[in-house]
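Notes follow once the structure below has been shown.
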Amino acid sequence: MEVADRLKSIPPYVFAEIGKKAKALAQTGVDVIDLGIGAPDQPTPKHILEAMHAAIDNPVNHRYPPFGGTPAYKEAVGKWFNKRFGISLDPATEITSLIGGKEGLHHLILAYIGTGDIALVPDPAYPVYKTSTVLAGGTPHFMPLTPEKDFLPDLSAIPDSVAQKAKLLLINYPNNPTAGVANLAFFEQVVAFCKKHDILLCHDNSYSEMTYDGYKAPSILEVKGAKDIAIELHTLSKTHNMTGWRIGFAVGNKEAVANLAKIKSNVDTDVFGAIQAAAIAGLNGPTDHIEYCNKLYVERRDLAVKRLGELGWQVKPIKATFYMWLRTPEGMSSEEFSNHMLNTAGIVVPPGNAYGPGGEGFFRISLCTDKNRLSEAFDRMAKHAITYDMKKAKV
Ligand SMILES: *Cc1c(COP(=O)(O)O)cnc(C)c1O
């Protein structure tokens, strides 16, 4: 049977593919270390689990939840947002629930991108930005993120003809996969650019709470007038160790929130009420687990910086996220390096080009593995002479 052209237009989800390769290798008896996963390794905190247990027994939650989120959930989101960023939101019009950030991104892109439309997409980036644009019939115009420019896009490099035509601009800070961070001054520039060209600005703030060394990530809505053109996506996945639960929210521009909610209400029937109740406990609740996990990520980061330094990768400690974005050894493509790591050392690292053509020549490691396993990974790299200055280890 023939599938639709739209399905042929997209690749298999890269992490599903990497997972298959790793599994196949593990089945041959290799002890595979997975530095590919971008998901917290710690369990969901207890106060959230307890709220879930109680909410399951409440028959209200056995029925369809209201579209756009329960009033209590939206209330809690508004309260958290105000406390965290000092921005007030109208829960009725400026907040909508999401089945995670990935779902929100896809549907927002479907709502704003049609056949032939342009979306301005960072390169490298979370793969959904590009793939959903292609699924919607649109064309991604890549904005390169390079270490030389601190992984911030150069808006002045976007041709006027492209900016005129673009409908949507996507950014994500703290950034996956580069760990780049942005300050308010940069956000001001993006807001001004999008206002000038009448483009919807979508900021993916998935990592707002995973920040270190005193760095605090801003919201795009802290920019004066941002609500005129910006929507921001949040998820409980990373902050509260809830990747399996599937819950997040979108906030900001009323029309964009309403358009996203409209497309969603035609496609899905929102988030299980009990999960929304659990998320409320997360938003209102204590934050010690966030501090605890951030401390873990910092310890792992410091270990990685030290050990990678010994292997020839001189890197600055990241200020946010749990990713490190590293150059592949000279003469090795991303794909070659990723295969080399898996086949010689039994270590999974996603190739940089999985995040877009601009990721060629890089690979990503994530810090979602405990220190012992991380250490073991660096031991194996040392043993197999996988180093940065490594013409000699070329495959
Ligand atoms: C993890 C992630 C998301 C969304 O995760 P969900 O689990 O779907 O909420 C969105 N954007 C980026 C950049 C991410 O890394």
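All values below were derived from every heavy atom in this structure, side-chain atoms included, with hydrogens, water molecules and symmetry-related copies excluded. Atoms within a ligand are numbered from 1 in the order they appear, just like the ligands themselves.
Residue Y129 places no N or O, backbone or side chain, under 3.5 Å from any N or O of ligand 1. Among the atoms of G101, some N or O lies under 3.5 angstrom from an N or O of ligand 1. When only interatomic distances are considered, the shortest N/O to N/O separation between E103 and ligand 1 does not fall below 3.5 Å.
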Identify each donor-acceptor pair in which a side-chain atom of residues 266-277 lies under 3.5 Å from a protein atom, sequence neighbours left out, and give them as a table.
unit_1 : atom_1 : unit_2 : atom_2 : d
N266   : ND2    : K262   : O      : 2.9
D268   : OD1    : K264   : NZ     : 3.3
D268   : OD1    : D270   : N      : 3.0
D268   : OD2    : K264   : NZ     : 3.0
D270   : OD1    : S97    : OG     : 2.7
D270   : OD2    : G68    : N      : 2.8
D270   : OD2    : S97    : OG     : 3.2
Q276   : OE1    : T70    : N      : 2.8
Q276   : OE1    : T70    : OG1    : 3.4
Q276   : NE2    : V271   : O      : 2.8

Acceptor/donor pairs from residues 36-47 side chains to any protein atom, 3.5 angstrom cut, sequence neighbours excluded:
unit_1 : atom_1 : unit_2 : atom_2 : d
D41    : OD1    : R300   : NH1    : 3.1
D41    : OD2    : R300   : NH2    : 2.8
T44    : OG1    : N241   : O      : 2.7
T44    : OG1    : W245   : NE1    : 3.1

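Residue N172 has at least one heavy-atom neighbour below 4.0 Å for each of these atoms of ligand 1: 13 (C). Each of the atoms 2 (C), 3 (C), 10 (C), 11 (N), 12 (C), 14 (C) of ligand 1 lies under 4.0 Å from some heavy atom of S206. Shown in contact with G100 at under 4.0 Å from a heavy atom are these atoms of ligand 1, numbered in order with element: 8 (O), 9 (O). Residue-ligand proximity, N176 to ligand 1, at heavy-atom distances under 4.0 Å covers atoms 13 (C), 14 (C), 15 (O). Near T235, meaning under 4.0 Å from one of its heavy atoms, ligand 1 places the atoms 6 (P), 9 (O). When each atom of ligand 1 is checked for a heavy atom of K238 under 4.0 Å away, the hits are 1 (C), 2 (C), 3 (C), 5 (O), 14 (C), 15 (O).
Ranking the protein heavy atoms by distance from atom 15 (O) of ligand 1 puts Y207 OH, 2.6 Å first.
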* Run the salt bridge (charged side-chain N to carboxylate O under 4.0 Å, His left out) check on D370 and R373 step by step: do they pass? -> CA-CA 6 Å; D370 69 48; R373 289 295 274 172; over 6 Å; no

* Can W325 and I318 be said to form a side chain to side chain contact (heavy atoms under 4.5 Å, CB included), step by step? -> CA-CA 9 Å; W325 184 242; I318 54 168; over 6 Å; no

* **V305 vs M324, side chain to side chain contact (heavy atoms under 4.5 Å, CB included): CA-CA, chis, key distance, verdict** => CA-CA 9 Å; V305 168; M324 293 175 69; 4.1 Å; yes

* Apply side chain to side chain contact (heavy atoms under 4.5 Å, CB included) to M143 and I158, showing your working. => CA-CA 8 Å; M143 304 181 288; I158 299 167; 3.8 Å; yes

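Remark: the backbone N or O of G358 is paired with a side-chain donor or acceptor of D123 at under 3.5 angstrom.
Between F151 and Y173, the distance separating the two ring centers is not shorter than 6.0 angstrom.
Counted by atom type alone, Y212 and K319 present zero donor-acceptor pairs between their side chains at under 3.5 Å.
Under a 4.0 Å heavy-atom criterion, G38 is not in contact with ligand 1. At a 4.0 Å cut-off, at least one heavy atom of D204 sits close enough to ligand 1 to count as contact.
When non-hydrogen atoms are compared, ligand 1 lies under 4.0 Å from the side chain of R246 (C-beta onward) but not from its backbone.
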